Structures are given as C-alpha cells and as structure tokens.
Amino acid sequence: MDYNHKEIEKRWQEFWRENEVYKTHEDKDRKKFYVLDMFPYPSGAGLHVGHPLGYIASDIYSRFKRQQGFNVLHPMGYDAYGLPAEQYAIQTGQHPEKTTEENIARYRSQLDKIGFSFDWSREVRTCDPKYYKWTQWAFMQMFNSYYDRDLKKAQPISKLIKHFEEQGSVGINPACGKELHFTAEEWNNLSEKEKRERLMNYRIAYQGETMVNWCPQLGTVLANDEVSEGLSVRGGYPVEQKLMNQWCLRVSAYAPRLLDDLAKVEWSDSLKETQRNWIGRSEGAEMRFPVAGKDVELEIFTTRADTIFGVTFMVLAPESKYVEMLTTPEQSEAVKAYLEEVKHKTERERQIEKKVSGVFTGSYAVNPLTGKEIPIWVSDYVLAGYGTGAIMAVPAHDSRDYAFARHFDLPIVPLIEGADVSEESFDAKEGKMINSCGPKLDLNGLEVKDAIAKTKKFIEEEGLGKVKTNYRLRDAIFSRQRYWGEPFPVYYKDGVAYLMDESALPLLLPPVSSYLPTEDGQPPLGRAENWVTPEGYPIEVCTMPGFAGSSAYYLRYMDPHNDKELVSKEADEYWRNVDLYVGGAEHATGHLIYSRFWNKFLYDLGIVCEEEPFKKLVNQGMIQGRTNFVYRIKNTNTFVSHGLRKEYDTTPIRVDVNIVSNDILDTEAFRKWRPDYADAEFILEDGKYVCGYAVEKMSKSMFNVVNPDDIVEKYGADTLRLYEMFLGPVEQSKPWDTNGIDGVNRFLKKLWGLFEKAEKEPAKEMTKEERKAVHKLIKKITEDIENFSFNTSVAAFMIAVNELTSLKSTNREAMEVITRLIAPFAPHIAEEFWHRLGETGSVADAAWPVYDPKALVEDTVKYPVSFNGKTRFFIEAPSGAPKDEVEKLALADAAAEKWLAGKTPKKVIVVPGKIVNVVI
RNA sequence: GCAGAAAUGGUGGAAUGGUAGACACGAGGGACUUAAAAUCCCUUGGCCUUUAUCGGCUGUGUGGGUUCGAGUCCCACUUUCUGUACCA
C-alpha cells in the first residue's frame, strides 16, 4: 500500500483527541519540563507557513523530553487583545470579540492539522474574563506596592504609609518619580486627597504626568517599543510627544535586577545584549553647577567627569524646569519662540532633520573647578527624560556638543594629548589628560580612566555632587485610550484614583455603541452606559495595553482553571518556570522585559518561586517569502521568460507563487489569474516560462504567501514538519521555498516502503551493519535535538534510510527503533508504525532509544594520510593500534614512497582515530 | 554612530582545529513506459590532463598571523542582515 498521509493523519489525530494523549497532570514522581511557545495574536489573515516554525521546533523538543520520561507541560493559547480587531470593529461595527472568536477558530483548525502535542485543556485567552481577572488582580497588587531600594524588593504600600506617619520621608529609600522630603507631621497634616496624590509618587502601578508617545491617527499612547523611527509599529502613523496623565508601571525600579539577572538565564548573547542596551546602565556622577547671580544650582549628569575642565557651556532640555528659572528678561522673547518651534516639531521631524538648533538663556553657570562663567543654552538635542534634563557640554570630546559649539561659535578646549579637534570631536575614552589643572584638582598626565575615578572621588569629597548610576530603561506606560483591552479596576472619587474591591473582579469590559473616541475626546469606554461603581463613582475609561495580558500567561498555564488564585502554590512549585521558551527576537525589548519585570514583582510578593520566568530561550528566525516575477514587455500584454528579458524593455510584475512551480510559470493558470492577463502572450525559453525571484517579507501584497493548509493537503503534516526543520537552523531567518519539499516527501515514502517490507518479517537480530546504522542514528538524533539542530537530524534520517535500503534490510527491530526516533518529528507516521508493530498506547510515550557505543566500534580504522597537511591517500589500521604502529603502516604503504620522494620525514603526527600527518 | 550575528557550489545548507561541500533541491545523462506522471540509477565547486579510468592543480568575502595542519583560532579590512540611537 502506498503512503496515504491523509488517512494516517486523520486517524491518529482522532486517536490523540479521543484518548487525551497530550493532557498533562502534575505528577510529583516525575521530573517536570516546561516547553512554551510565544502565544500568537490571532490575526484575520490566518497562519502562513512561517508561523509554525517555532511551534514545530518546540513540539519536537517536548515530544523528545516526554519520551525521555519527563512530565512535559506544553500549552498553547491566544494573545487575543490587539489593535487590528479593534480597527476592524471601527470599520464594520462588529464587536471585536466576534472577530477574535472567528480568528481563533481558524487558527485552531490550522494548528490542529499540523499534529502538535499541545495540552489544549489548558488553553488561555487574554480576553477571557476568567483570564483577565488575574491581569487586573496583578495590577491591583502593583498599585498597592512600592519598591524599596534598600531591600531591593517590592513592599506593601501600607508599610510606606506607616513609615511616613511615624518618621516622614527620612530613613526609607523607596523608588519614586521625584525625591520628596517631608516630616511625619507634614504628612499627617495632609488631606486624604493629598496623601493619595503623594503616594502616586511611590506606587509600582502609578498615575503620572509623563511625556508619552501620542499617535493621533490611532488615538492612543504607545510604549517605546511600539514606536520605531518616530512611527507606530502597527500602522506606521506618525507619533508625537505629549504630556499626559497616564497609568504607568515602575519598571525602572527593577532596572538593576533586570540587568544583573541576565547572567542567570541561558539566552543568546545577542538577545542579552539587546536587553542590556535597552536597560542602558551608565555609571557617572551627578553634580551641581552654581548659577551666577542667582540662588539656583544646575544639576547635571555626566559619565565623563574627567572632562570638567573642558566644559565651555551648559545645555538644558526645552522641557526642563530650569528653563523658566534661568531665562533672563532680555532673552525671554527668543527662548519663548524657540520653545514654540520645538513643540510643533514631531519626534519624526526632529530625527529626520537632526538640525542643530538652540537659544541662549542669558544666564551663566560657574564651573566649580575653575570658577569660570559659562553660558547656559537651551536645545532639543538634550532630552528631558534622561538624567536631569541638563548637561555640561564638552565640545572637544562629544560629537553632539561639538556640532552645537561649531554652529553657535562657542569655544572648544581639547583635554586629551594629541587629540585633533579642528574637524571633529575626539570621543574615545583613551589618552593622557592635558589642560586639566585647577586650584584644587590636577588631572594632567593621567589616563582618562584614572582621571574619571579621581574626579568622581573629588566631587564626592568636596560635596559638589555624588556618584550615580543611571538607567535608560523608562517606566512602562500602561494606559491605552482604546476599547479592546482589560478595563482598570479603578474608580475616581474627588478626582483621585481608588482601587475597587477584589470581589469586583473580573471587571467586565462593557458593551459600547461605537468603538471610536467620544466627541469630547474620551476613549471609547466613555460611551459605555452605567460605567460607574454601585456608589456612582466613575470608572477609569482607559484600558490596559497588549503586554498586560501577555506578561504572566506562562504562570496561568500551570493552573488555568483556578478561580481563587493566579496560580496555586502547589502548581507553581511543581512547574516553577519555563525550561524552554521559543519565540521571535522582536520581543526582546517589549514582552521579554515586561514579563521579567512582572515575574520579579510576583516573586517579591511570594506568589511565584522563581525569579526568572524563562530559563532557556531560543529565537526562531523569520521565514521570509520567495516572490516570483514575470516580465511584461512595456506597453504590451506579452511576457518574456527570465533568461530572455534583457533583450526587451520590460517591467517586472509579482506573480502568485501558487501558480509557479520550480520557477516555471503555469501559463494557463496565469491567464485565469487576472482578467487583464486573459489573453497574455508568452515568449518562452526551451518551451517553458521561467520566472525570476526575490526574497521579501511574506505578505499578501507580494503574492508570496504559502498557506500551511495547502501543504498539509498535498503532502501531509509530517512532510511539512520535516521540511520546515530541514530548511535550515531554527534560529536563522531564511526564505520559504516550496521547491525543495519533494525531497522530504520522497524520504517519507521510502521510509514507508522500508517499513512495509520489515513489518512482514519475523523478529530477528540486527546484523552488525544494521546495528551500526541504527546506533549511529540514535547518537546523532539525541545530540541534535539537545542542540536544537533539527535540520541535520532530518538529514541523518535520510542517510539512515538510504543505508538500510542499500543493506536490503528488512529488520523489524531496526524499524522499531527508527519509529521511536522519528516520533517527535513525524508523529503521525510514527504512530501508524507503532500500532502496526503491535504496540499499544501512543508512540508519544515510547521510551527514547538507548545508544550503545559498542555498536559503532570497528575492527579497523581508516586513516587519511597527509603530507605537510594535505591528504594524499588512506590506510587502514587495527582499531586501538598504538601510534607508532599506525605510523609504521602509513610509511610502509606503497603510496607513501611517491610523496616522500626519497626524503626522510622530519616529523610524523598521529592523532588516534583521526589523521596521520607526515612533515617532510 | 554604537552593539550583535553572519559571509562556504546554480539554490537551501553540512563540517568536536584533522578527507571542505554531508543531506536536499535544481540541472544534465540514462533505465522503465506507446507517451506522460511516478519510480530507480549515474554525473554535478572550478580548472587541467586522459578515449575513459587513474591522476593533478585550485578552492570556504579580502589581507596578514598562530599551527605539522585553519571554513573553524587571533589581528585588520570589506560587505550583508538584525537591533538601537541626540541616553551626555
């Protein structure tokens, strides 16, 4: 019988479903292993062939671990809140829940066809009230917590209140927005409202006036990782800066731990590096410059304390609070005009233009080391959000200061020996200091590194400032002016935010008449009727962002039906954290930071027992599309084949890859594809129309989308799984090319044929050759899966089948072992074999074959013999022969004479089992 | 600019410092067939030699280095991809 993938795959998928083969239970007697995929956002377009790549890899790994005897948790769910469903709702008036529901159903049917071992009984959806109850719950815990910098962990806000009541702000070190100083008496005299407002400065989930990325077209704010090059990641609309009152998460408090704990996880270097850069630790000094004639001190942050003798001016960010204080009456007009100009420039314009601009405030600062007066300027190249929003400018050794100094003709003083600053600044932190001597401090002759250390020490000793570590990581903005997200369990009384009672959870998302903002600019929830508490207080109208629901979903899978806790103690202590996480690297600065933050917060509260959520992480590469082109001769309806296109004046046109096979166009299908092409003419080469190709993003508009359903229909899920792995290393981005799939399909057919022959044979011992082929395979596959090298595994299967075929092997035992080995890769065909071999249960539970090194031991070893490093011939020596015997055999070989050409070798190197190299 | 990764046939890609190009696609040739599809077999980095075999030279982005021996390690450079950017 021929290999009939349709029949086999249908049969075993039903078998798995009926017998609940992939249902997982906590089992204290077995070691756990948690394999997780980043759950998908169910978009309307459905899955294309690139999406399942990571799922297939993780499925192979989980099936392998399961066969090795681990209790494997391998769940799947949906990141169901998101903009596209809402945008669609705005256009059609359809509730996003409905489209989301439909898309999920489509995803599920597509996923089911591929034969994954997901435990669907643990499915989660972020938009399900049973799920988002716990998202809201976590928010409440953050609202009720502050971060204690001394204890380095989150603490109940009640503890902070008690401290304020007893001692005021002294003697406690909470992470905060602004450093506030007050006494217990002052605190106790505050009104309820004032106390609440002040506490916002400390809560981990807090409300604050912050500069946000505002996207007018989307009508919402966006997080930093949702903006790229001044445009929104979703939709590509311009984004501007705006000061707004928003919910935020104090992620910045966790910056040191997020950075340090990267050492504890097995992630790729590049990913760790991306996170390190995003967190952006920089060690420097914060110091104060007095302002001449004013009772104001200008506080600045610098990493180059050594360059203090080269400070020739100061610069303030336009938004800095100092601007108003330091602008003199004479300059007030000019400064006002400049601020107005900057305000109207969007982030994007600022980035594209990168024009040097600025204005003088009229005030002068005093360099505390030299006593010299230096002008204070305002410019938009200084950011309000980083450091103190003010800098000391050292034009000789900072390229931005240099450009500014050149533009406004300010002095440039070089501080490093040999640095030529006539054309550009010298930014490198190396060389010997010059021009750096004042009454109290002399840096001349020191190396930059030592000069920085010495200056820092001096600053602290003299009380000019303090050593400080700054982080670039911003707090996460947690409000979205949208409908399709989790509502905040927050209401407003007397204009201040109060948490609802936990018993109100889940706070359900109410229906609205329209998904657009209200006339007075309120978010869509402003339209909801009765959006008030039972007492009549208005409820928050913003919703939470996408990353809210995706930050702790891995915990919910451990205990998905628990309506008393986010996760029970028992479930958490058994499953602990994710052993292997597979997903795209594009989440490096978003989800993977937020998730780590969220987990650490829950860890501080004692809810979870592991400080890092994802132990090992593998980034699967993107599958790009392979677009095919036809070449239309200009102003005609004639198309010329790729090889002949140079002879004509042509326009390349993208053509649907589904009517092209091995770059040969199906001309009939092409005529039917579009009415315009119905009477197309073709200029062929060798009777064929050959298309050109290019690698591009896989998308509908490029006509290069390949649907996994079509592949499964034609070749079967096992072929799809093997082929996706065979394409190349999982971590690498590569184009999808359906052309190669026949090879993998042929392999499965060969395996099928081999099995059918072996199946009929009575059981007998494997021959030595068969044992060798089989054990070589066990060794290779076991190593490859551990190393996530699935492309070479597939090749190894092909080699083994070819070897057994040429041995004319029909051994049942050999086939039984291969069945167990291939089960993670091609579970359907393996399950079929497993049952035909008379086994019961599922091959998913079949023990992983044990490798016997003795099977690979040879009587003789083949040695390549090299002369001066170049291989010339081969000899065979008994295995285990001592070096000098191998050497003797090599030199005694007839072929050796030719290469020695009468000379005696200077040296002979024998590497046992590897090579003999003769140096002449 | 900075950081990370990478560069191997027509293509996707293999190679614990030890026979470069596994495996597969494509291509070429052949077998079977009335024919096609399917299947099977052979060849396939380049160059040279030979009727053919045998054989030789060369070859992993560029230039150096370490080593008996380098695709692999070190230094410099070029290019590509990814991330990030007035972060002081």
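This structure is a prediction, so every number in the text was calculated from the model and none was measured. Chain A is the first sequence line, chain B the second, and so forth, proteins listed ahead of strands; every chain is numbered from 1.
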Next item on the list: Assess the side chains of A:T719 and A:Y3: does a donor N or O sit below 3.5 Å from an acceptor N or O?
Entry: no
Note to self: Work out how far the P atom of B:G61 is from that of B:A70, and round it to whole angstrom.
What the structure shows: 15 Å
Check: Between A:A796 and A:R872, which has a closest nucleotide on RNA chain B that is more 5'?
Finding: A:A796
Note to self: What is the distance, to the nearest angstrom, from the NZ atom on A:K734 to the C1' atom on B:A6?
What the structure shows: 14 Å
Notebook entry, point to check: In whole Å, what is the span from the CG atom of A:D269 to the P atom of B:G83?
Noted result: 18 Å
Notebook entry, point to check: Could A:R626 and A:D663 be called an ion pair, given the rule that one side-chain N must be under 4.0 Å from one carboxylate O?
Noted result: yes
Margin query: Applying the Watson-Crick and G-U wobble criteria at under 3.5 Å, what pairs with B:U39? Answer none if nothing qualifies.
Written below: B:A31
Checklist line | Distance, C1' atom - from B:U53 to B:G59, rounded to whole angstrom | finding: 24 Å
Next item on the list: Starting at atom CD of A:E299, determine the distance to atom C1' of B:A88, rounded to an integer number of angstrom.
Entry: 15 Å
Note to self: Under a 3.5 Å cut-off for both contacts, is B:G4 paired Watson-Crick or G-U wobble with anything, and if yes, with which nucleotide?
What the structure shows: B:C81
Next item on the list: Considering just the side-chain nitrogens and oxygens of A:K907, establish if one lies under 4.0 Å of OP1 or OP2 belonging to B:C68.
Entry: yes
Next item on the list: Classify the nucleic acid contact of A:S282 as base, sugar-phosphate or nothing, counting any heavy atom under 4.0 Å across all strands shown.
Entry: sugar-phosphate
Check: For A:K272, which contact category applies under a 4.0 Å heavy-atom criterion: base, sugar-phosphate, or nothing?
Finding: nothing
Next item on the list: Rounded to whole angstrom, note down the P distance from B:G17 over to B:U11.
Entry: 27 Å
Checklist line | Partner nucleotide of B:G63 by Watson-Crick or wobble geometry (both distances under 3.5 Å) | finding: B:C75
Checklist line | For B:U44, the Watson-Crick or wobble partner whose two distances fall under 3.5 Å | finding: B:G26
Check: If you look at every strand shown and take non-hydrogen atoms under 4.0 Å, does A:I391 touch a base, only sugar-phosphate, or nothing?
Finding: base
Margin query: Say we look at B:C41 and B:C47: how far apart would their C1' atoms be, to the nearest angstrom?
Written below: 28 Å
Checklist line | A:E803 bridged to A:K776 by N-O distance under 4.0 Å | finding: yes
Item checked: d(OH, A:Y693; P, B:G26) in whole Å -> 14 Å
Margin query: What is the separation between atom CH2 on A:W267 and atom P on B:A5, rounded to the nearest whole Å?
Written below: 17 Å
Next item on the list: Scan A:T303 against the nucleic acid and name what it touches under 4.0 Å (heavy atoms): base, sugar-phosphate only, or nothing.
Entry: sugar-phosphate
Note to self: Whole angstroms only, please: what is the CG-C1' distance between A:D742 and B:A27?
What the structure shows: 15 Å
Next item on the list: Could you pick out which residue, A:Q732 or A:R474, lies toward the 5' side of RNA chain B when each is mapped onto its nearest nucleotide?
Entry: A:Q732
Check: For A:N802 and B:A24, is the shortest distance between a side-chain N/O and OP1 or OP2 below 4.0 Å?
Finding: yes
Check: With a 4.0 Å cut-off on heavy atoms, is A:F797 in touch with a base, just the backbone sugar-phosphate, or nothing at all?
Finding: nothing
Check: How would you label the contact of A:P729 with the nucleic acid (heavy atoms, under 4.0 Å): base, sugar-phosphate, or nothing?
Finding: sugar-phosphate
Item checked: Centroid-centroid under 6.0 Å between A:F825 and A:F797 rings -> yes
Next item on the list: Ignoring backbone atoms, test whether A:Y386 places a side-chain nitrogen or oxygen under 4.0 Å from the OP1 or OP2 oxygen of B:A88.
Entry: yes
Check: Does A:D742 come within less than 4.0 Å of A:R746, counting only side-chain N to carboxylate O?
Finding: no
Note to self: At 4.0 Å (heavy atoms only), tell me whether A:L727 reaches a base, stays on the sugar-phosphate, or touches nothing.
What the structure shows: sugar-phosphate
Item checked: Nearest-Å distance once atom P is located in both B:C73 and B:U8 -> 16 Å
Next item on the list: Could you tell me the separation between the CD1 atom of A:I781 and the P atom of B:A22, rounded to a whole number of Å?
Entry: 18 Å
Notebook entry, point to check: Is A:T792 near enough to B:C23 that one of its side-chain N or O atoms lies under 4.0 angstrom from OP1 or OP2?
Noted result: no
Next item on the list: Quote, to the nearest angstrom, the C1' distance that separates B:G56 from B:A7.
Entry: 30 Å
Next item on the list: Measure from CG on A:N791 to P on B:G12 and round the result to the nearest Å.
Entry: 14 Å
Notebook entry, point to check: Does A:T388 reach the main-chain N or O of A:E299 with its side chain, forming a donor-acceptor pair under 3.5 Å?
Noted result: yes
Check: Syn or anti for B:G9, taking syn as within 90° of 0?
Finding: syn
Margin query: Measuring centre to centre across the rings, with the benzene-like ring taken for any Trp, is A:F404 within less than 6.0 Å of A:W377?
Written below: yes
Next item on the list: Answer with base, sugar-phosphate or nothing: what part of the nucleic acid does A:W899 contact at a heavy-atom distance below 4.0 Å?
Entry: sugar-phosphate
Margin query: Any side-chain to backbone donor/acceptor pair from A:S641 onto A:V690? Under 3.5 Å, distance only.
Written below: yes
Note to self: When you measure from the side-chain N and O atoms of A:R746 to the phosphate of B:C25, is any distance below 4.0 Å, counting only OP1 and OP2?
What the structure shows: yes
Next item on the list: Sticking with atom P, work out how far B:A22 lies from B:A15, rounded to a whole angstrom.
Entry: 12 Å
Notebook entry, point to check: Should B:U53 form a Watson-Crick or G-U wobble pair with both distances under 3.5 Å, which nucleotide is its partner?
Noted result: none
Notebook entry, point to check: With a non-hydrogen cut-off below 4.0 angstrom, is A:D401 in contact with a base, only sugar-phosphate, or nothing?
Noted result: nothing
Notebook entry, point to check: Which part of the nucleic acid does A:N739 contact within heavy-atom distance under 4.0 Å: base, sugar-phosphate only, or nothing?
Noted result: sugar-phosphate
Next item on the list: Determine the Euclidean distance between corresponding C1' atoms of B:U82 and B:C75; express it in Å to zero decimal places.
Entry: 25 Å
